[in-house]
Protein chains: 2
Amino acid sequence: MELDESTPDPRVRLWSPVCQAVALLLGPYAEVVLHDAGRDRVLAIWNPMTRRAAGDPSLLGELDRLEPSAHDVYGPYEKLLADGRRLSSVSAVLRGPDGEPSAVLCVNLDRTPLDRAAALLAGFAAPTAPRPEALFEQDWTERVHQIVGGFVRTRGRPVERLGREDRLAVLAELDRAGVFTVRRAVPVVATALGASRSTVYALLAELKDRSDPR
Amino acid sequence: MELDESTPDPRVRLWSPVCQAVALLLGPYAEVVLHDAGRDRVLAIWNPMTRRAAGDPSLLGELDRLEPSAHDVYGPYEKLLADGRRLSSVSAVLRGPDGEPSAVLCVNLDRTPLDRAAALLAGFAAPTAPRPEALFEQDWTERVHQIVGGFVRTRGRPVERLGREDRLAVLAELDRAGVFTVRRAVPVVATALGASRSTVYALLAELKDRSDPR
DNA sequence: TCCGGACTGGACGAAGTGTCCAGGACCTGA
DNA sequence: TCAGGTCCTGGACACTTCGTCCAGTCCGGA
């Protein structure tokens, strides 16, 4: 475990045993993080999988997805580490005796070994099956223009005359279509929309914070 | 083992040790059958999964699929038992000292437990509702694992034992699938392949200059 | 035991990404 | 016509990701 020794937080003392237990149980492939939700900082961390330590900013957007929920538990949802590892994560809001949120617990489980094991077992002596031939959308540029074009048609006015809301709507659609997971997509979209790169980023930011006003 | 004791066939004495070894190795989920190809009868059987015994007709069409082949080994192919169990089967033509076919060996492996285990592992802590919706290609990470997994299956060896050529082939396939147009794809692929980022780039470069030696 | 090829982590410059800001275009009401 | 908005823009910037390179390590074969 790594702790900020200078400030022995009572919350850490309170929850440390559970965290430690979970960390031990799930072995080297699970990281347990205790967050200070208010300050967006790491309170303590067990089996860290990245370089984060107590006191660091929380990062990783572990607290982003806490949309209202009846129970204080979220997930499991998928996260992707920079080095490519796939994580399954669950989060829980921890409340003090007064019922007020006091910390957030996150458990991040590295799925890679499981995935590998599953693939291994599934492949063991398996019949040489036809490959799951699966192509991506080859020309995503085409797709962008298609979407923009379709939108323009429904609004009945050319790209240059699209208003702010219109552009937001197109961008939302493009985003839903996953266009922005593709490399170099933003400049292409900007051009297709007849807007600048800056504007696209600005609109994108606005979209994000409309759907998740924090 | 069940043998037709009344006719101690020399072929059985000859092949029995191998058969027994295989039967022991693959435990209770594999059946080993020695056929008299000419007479279409069972010569001997280890760990029988059905009621067949030595002397019974071969049934099951185990000898049907022996289309001409350079090597005398066939499969693995899939068979289905009456009770629904999925089998992976391999057959081999066994030849005597004179080079003439003398018997046919079949190993039938019950895949059900493996399939179950694979499903279990794959589902362990799996995200219930992964990331956002997407029309384009929502979980390309999944796709990467599928492609790699499928490939592993055709080669019949786990990821860590793939040779250089194998890896090149997987990468070629991933590339054809357009995986590398996606942001942050390389680290993910590297992890899935159990290789380093450096290696993936190196192999990718080699692929490129094989197809375009300039 | 040594050798050579393949893989690795680390380092690095190049490219791409996202944010910020000081203009400037445009609208709108006075 | 002007003042005060809003929105967009290009440019500058810090930061991340990409792709390359290299010295060191691992490993199988002579």
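Proteins come first, then strands; the chains are lettered A, B, ... in the order of their sequence lines, and each starts at number 1. These numbers come from a predicted model, not from an experiment.
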Q: Listed by chain and number, what are the side chain to side chain donor-acceptor pair (under 3.5 Å) partners of Arg197(B), not counting sequence neighbours?
A: none

Q: Can you give me the first and the last nucleotide of DNA chain C (5' to 3') that has an atom within less than 4.0 angstrom of a non-hydrogen atom in chain A?
A: dG16(C) to dC20(C)

Q: Can you name the salt bridge (Lys or Arg N to Asp or Glu O under 4.0 Å) partners of Arg95(B), sequence neighbours left out?
A: Asp72(B)

Q: Quick one: salt bridge (Lys or Arg N to Asp or Glu O under 4.0 Å) partners of Arg85(A), sequence neighbours excluded?
A: Asp83(A)

Q: Any N/O pairs under 3.5 Å between the protein and nucleotides 4-13 of chain D? List them or say none.
A:
| from | atom 1 | to | atom 2 | distance (Å) |
| --- | --- | --- | --- | --- |
| dC8(D) | OP2 | Arg164(A) | NH1 | 2.6 |
| dT9(D) | OP2 | Ser196(A) | N | 3.1 |
| dT9(D) | OP2 | Ser196(A) | OG | 3.4 |
| dT9(D) | OP2 | Thr199(A) | OG1 | 2.4 |
| dG10(D) | N7 | Ser198(A) | OG | 3.3 |
| dG10(D) | O6 | Ser198(A) | OG | 3.3 |
| dG11(D) | O6 | Ser198(A) | OG | 3.0 |

Q: For Ala21(B), what residues pass the side chain to side chain contact (heavy atoms under 4.5 Å, CB included) criterion, not counting sequence neighbours?
A: none

Q: Can you sort out the partners of Arg164(B) under side chain to side chain donor-acceptor pair (under 3.5 Å), two or more places apart, ordered by chain and number?
A: Glu206(B)

Q: Any side-chain N or O of Tyr201(B) below 4.0 angstrom from OP1/OP2 of dT20(D)?
A: no

Q: Could you check how far CZ of Arg183(B) sits from C1' of dG19(D), rounded to whole Å?
A: 16 Å

Q: Partners of Ser196(B) by side chain to side chain donor-acceptor pair (under 3.5 Å), sequence neighbours excluded?
A: Thr199(B)

Q: Kindly say whether Phe151(A) contributes a backbone atom to a donor-acceptor pair with the side chain of Thr154(A) at under 3.5 angstrom?
A: yes

Q: Can you measure Leu80(A) atom CG to dT16(D) atom C1' for me and round it to whole angstrom units?
A: 15 Å

Q: Taking side chain to side chain contact (heavy atoms under 4.5 Å, CB included) as the test, write out the residues that go with Val152(A), two or more places apart.
A: Val148(A), Val159(A), Leu162(A)

Q: Could you work out, with side chain to side chain contact (heavy atoms under 4.5 Å, CB included) as the rule, every residue matching Leu26(A), not counting sequence neighbours?
A: Val22(A), Ala30(A), Val107(A)

Q: Residues two or more places apart in sequence or in another chain: which of them pass side chain to side chain donor-acceptor pair (under 3.5 Å) with Arg161(B)?
A: none

Q: When Watson-Crick pairs (N1 to N3 and N6-O4 or O6-N4) and G-U wobble pairs (N1-O2 and O6-N3) count only below 3.5 Å on both distances, what is the dot-bracket string of DNA chain D, with | for other-strand pairs?
A: ||||||||||||||||||||||||||||||

